[in-house]
Protein chains: 2
Amino acid sequence: MHTTMFSILSEPNRLDIVEVLYKSPRTVNEIAGLLKLNQPQTSKHLRVLADAGIVEATPIKNQRMYMLKPDKFEELDRWLEKFRYMWDERLKRLERLLKEKKEVKKNGRK
Amino acid sequence: MHTTMFSILSEPNRLDIVEVLYKSPRTVNEIAGLLKLNQPQTSKHLRVLADAGIVEATPIKNQRMYMLKPDKFEELDRWLEKFRYMWDERLKRLERLLKEKKEVKKNGRK
DNA sequence: GAGGCATATTCCTGTCAAGGCATATTACAT
DNA sequence: ATGTAATATGCCTTGACAGGAATATGCCTC
């Protein structure tokens with residue numbers, strides 16, 4: 001279900017975290033510092049993100065390095081694929097082409 | 001901001017509405033019927049979707065025909081673009097290629 | 001193994017948004 | 001103009017969830 005992905009990213013701070021991690025992996029305190037969040041809330045958001053598989057952590061020394069996991073984004077991308085027909089010009093051209101062919105057929109039958 | 005798009009689609013019934021409208025435009029009652037929602041909540045959800053520009057209605061007789069608007073989906077798609085590097089194999093191949101070129105350069109300098 | 005950072009968890013509180021139900025509005029037909 | 005079907009809005013209650021502050025846990029270093 002995509003609703004979980006959506007609801008998780010609908011929280012502005014979490015979206016910001018994703019935008020930060022998209023540039024490079026970060027520790028909790030780095031994230032908190034960059035986004036001016038308190039450490040506890042940062043940890044909480046990261047927990048939510050991690051539970052959803054959007055993010056993963058690898059321990060390094062005393063700290064935890066968080067980074068994005070591709071899977072959920074890929075999933076979302078595949079879902080969006082369905083709607084691409086609405087604006088994809090190549091597809092529109094294809095449609096026009098098919099229409100023309102139909103016309104030709106019609107005229108041919110006359 | 002994409003948070004609005006996300007928060008709107010995080011509501012399961014609204015996502016369902018989008019999935020229905022993706023197949024074809026529908027009137028309010030049709031949607032309510034298909035998804036077994038009460039008419040008032042359906043109207044409310046449609047209002048939210050319309051206010052966000054995800055959906056638009058055209059009056060036809062006594063009813064309102066709702067359909068998807070491409071813009072927001074396109075926007076979302078462009079946003080996702082940024083993350084595509086994470087799984088897109090073509091890009092990974094490209095990266096490898098660039099790396100190889102670097103190596104060649106290095107060796108050439110020796 | 002004690003002290004010190006880095007991170008995680010808990011409890012509390014307030015806010016916000018969805019559902020249910022009643023009702024209002026609009027557009028059409030006659 | 002009045003009745004009627006289609007849709008929209010208002011009000012209320014309830015549940016979910018984010019932030020704040022305090023505290024707990026984990027993991028190094030010495």
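Residue numbering restarts at 1 for every chain, and letters A, B, ... go by the order of the sequence lines. Predicted, not measured: the structure shown is a model, and the values here were computed from it. Atom set for the values below is all heavy atoms of this structure, side chains included, hydrogens, waters and symmetry mates excluded.
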J.: Where the side chain of Gln41(A) meets the backbone of Asn38(A), is there a donor-acceptor pair that is under 3.5 Å apart?
T.: no
J.: What residues form a salt bridge (charged side-chain N to carboxylate O under 4.0 Å, His left out) with Asp77(B), not counting sequence neighbours?
T.: Arg84(A), Arg84(B)
J.: According to side chain to side chain contact (heavy atoms under 4.5 Å, CB included), who are the partners of Pro12(A), at least two apart in sequence or on a separate chain?
T.: Thr3(B)
J.: Taking atom types as modelled and ignoring hydrogens, do the side chains of Glu19(A) and Trp79(B) form a donor-acceptor contact shorter than 3.5 angstrom?
T.: yes
J.: Would you say His45(B) places a side-chain N or O within less than 4.0 Å of OP1 or OP2 belonging to dA17(C)?
T.: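 Checking His45(B) against dA17(C): no side-chain N or O falls below 4.0 Å of OP1 or OP2.
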J.: What integer distance in Å separates Asn13(B):CG from dG20(C):C1'?
T.: 14 Å
J.: Between His2(B) and Leu9(A), is there a side-chain heavy-atom distance shorter than 4.5 Å?
T.: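 The answer is no, as the side chains (C-beta and beyond) never meet within the 4.5 Å cut-off.
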J.: Think Tyr66(A) has a side-chain N or O under 4.0 angstrom from the OP1 or OP2 of dA8(C)?
T.: yes
J.: With sequence neighbours excluded, what pairs up with Ile8(B) under the side chain to side chain contact (heavy atoms under 4.5 Å, CB included) test?
T.: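 Listed in chain order: Arg14(B), Val48(B), Leu49(B), Ala52(B), Ile54(B).
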J.: Expressed as a whole number of angstroms, how long is the span from Arg64(B):CZ to dT25(C):P?
T.: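 Whole-Å distance recorded here is 16 Å.
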J.: Expressed in angstrom and rounded to an integer, what is the separation of Gln63(A) atom CD from dT29(D) atom C1'?
T.: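 The answer, rounded to whole Å, is 14 Å.
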J.: Using modelled atom types and a 3.5 Å cut-off, is there a donor and acceptor pairing between side-chain atoms of Ser43(A) and backbone atoms of Pro40(A)?
T.: no
J.: Could you tell me the separation between the CD atom of Glu11(B) and the C1' atom of dA16(D), rounded to a whole number of Å?
T.: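 Going from CD in Glu11(B) over to C1' in dA16(D) covers 12 Å.
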J.: Which residue pairs pass the ring-ring contact (aromatic ring centres under 6.0 Å, His included) test with at least one member in residues 32-63 of chain B, sequence neighbours excluded?
T.: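 Every candidate ring-ring contact (aromatic ring centres under 6.0 Å, His included) pair involving residues 32-63 of chain B fails, so no pair, neighbours aside, qualifies.
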J.: Please identify each residue that fulfils salt bridge (charged side-chain N to carboxylate O under 4.0 Å, His left out) with Lys69(A), with sequence neighbours left out.
T.: none
J.: Axis-to-axis angle across the helix from dG4(C)-dC27(D) to dT30(C)-dA1(D), five pairs an end, to 10 degrees?
T.: 30°
J.: Do Leu46(A) and Thr42(A) come close enough that some side-chain heavy atom pair is under 4.5 Å?
T.: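 The answer is yes; the side chains approach within 4.5 Å.
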J.: Heavy atom of residues 27-41 of chain A under 4.0 Å from DNA chain D: which residues?
T.: Asn38(A), Pro40(A), Gln41(A)
J.: For dA18(D), does either OP1 or OP2 sit under 4.0 Å from a side-chain N or O belonging to Arg14(A)?
T.: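 Yes.
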J.: For nucleotides 24-28 of chain D, which of its nitrogen or oxygen atoms have a protein nitrogen or oxygen under 3.5 Å away, and what is each distance?
T.:
from	atom 1	to	atom 2	distance (Å)
dC28(D)	OP1	Lys61(A)	O	3.4

J.: Could you run down nucleotides 11-16 of chain C 5' to 3' and tag each one B, S or - for protein heavy-atom contact under 4.0 Å?
T.: B-----
J.: Considering just the side-chain nitrogens and oxygens of Arg47(A), establish if one lies under 4.0 Å of OP1 or OP2 belonging to dT9(C).
T.: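 It does, given that an N or O in the side chain of Arg47(A) lies less than 4.0 Å from OP1 or OP2 of dT9(C).
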J.: Give every donor-acceptor pair under 3.5 Å between a side-chain atom in residues 55-64 of chain A and any protein atom, sequence neighbours left out.
T.:
from	atom 1	to	atom 2	distance (Å)
Arg64(A)	NH1	Tyr66(A)	OH	3.4

J.: If I take atom CG in residue Leu46(A) and atom C1' in nucleotide dT7(C), what distance separates them, rounded to the nearest angstrom?
T.: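 Atom CG in Leu46(A) sits about 10 Å away from atom C1' in dT7(C).
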J.: Once ring-ring contact (aromatic ring centres under 6.0 Å, His included) is applied, what residue pairs with a partner in residues 7-39 of chain A remain, sequence neighbours excluded?
T.: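 Output for this query lists Tyr22(A)-Phe83(B).
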J.: Applying salt bridge (charged side-chain N to carboxylate O under 4.0 Å, His left out), can you list everything that pairs with Asp71(A), at least two apart in sequence or on another chain?
T.: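 By the salt bridge (charged side-chain N to carboxylate O under 4.0 Å, His left out) rule, Asp71(A) matches no residue at all.
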J.: Salt bridge between Arg78(B) and Glu81(B), side-chain N to carboxylate O under 4.0 Å?
T.: no
